Amino acid sequence: MIKTNAESQQFDSKLALPVMESFYTIQGEGYHQGTAAYFIRLAGCDVECPWCDVKESWDAQEHEIVPLLTLKELLGESKAEIVVVTGGEPAMYDLDPLTSMIHSMGLKTHIETSGAYPITGDWDWVCVSPKRFKKALKECIDLADELKVIIAHENDFRFAQKYALLVNIKCKLFLQPEWSHSEDLMPEIISYVKENPHFRISLQVHKYMNIP
Ligand code: SF4
């Protein structure tokens, strides 16, 4: 199947995907925080969160189309047991071939998505981080093992609570301060979680560790 995400950019998603960057690091956020993981950041996103910290990922045309075989080689060179596919918005692409390739290596597949597109692929862990700027689909919310809501404004607590009622009962619930305002937001988030202990706080600890 030929996937087209721009007039001038065509690729066969069975063989290659647009990748902004890939690297072996420590997962800094959410339920698996502190765990070594190989990150594949796919390029392309149309959700347009104003506070996005990876705006350079938005335009897939600015990034290389990387063969899955190259990703396989890179994964093979690391000691990663978990592969986190993030973006951008990774669910814009057919991810069946990528997850098959990762599973064929005996590795776990994790995805981080806004939920704005149907999720393809076979995932061991689904983190849905819904955004106000493009609605998360019910079929994605149903799949979530982890709900991670970014708190950039006090209204976001209500937004988080709304999604907390929609996810399945086993789903882990996280509130994460928007990085550029995290110092100002933390006191309110701490109070909120003390009042609403079904939520936990997620911090972007990789940023404190100065790692990608
Ligand atoms: S969904 Fe993620 S990558 Fe896309 S604009 Fe929002 S924060 Fe940035």
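Ligands are counted one by one from 1 in listed order, and the atoms in each one are counted from 1 as well. A quick note: this is a predicted structure, and the numbers were derived from the prediction, not measured.
- Ring to ring, His110 and Trp123 are not that close: their centroids are 6.0 angstrom or more apart.
- With a cut-off of 2.8 Å, the protein N/O/S atoms near atom 4 (Fe) of ligand 1 add up to 1.
- In this structure, the side chain of Arg200 does not engage the main chain of Phe174 through any donor-acceptor pair within 3.5 Å.
- Summarising the geometry of Ala144 relative to Asn168, their closest heavy-atom pair is O-ND2, 2.9 Å, with the distance given to 0.1 Å.
- Listed by chain and number, the residues in a ring pair (Phe, Tyr, Trp, His ring centres under 6.0 Å) with Tyr163 are Phe159 (sequence neighbours excluded).
- Relative ring orientation between Phe23 and Phe39 is described as parallel, the plane-to-plane angle staying below 30° on a 0-90° scale split at 30° and 60°.
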Practice prompt. Might you work through the side chain to side chain contact (heavy atoms under 4.5 Å, CB included) test for Trp51 and Ile150, ending with a clear yes or no?
Written response: CA-CA 10 Å; Trp51 39 257; Ile150 310 303; 3.7 Å; yes
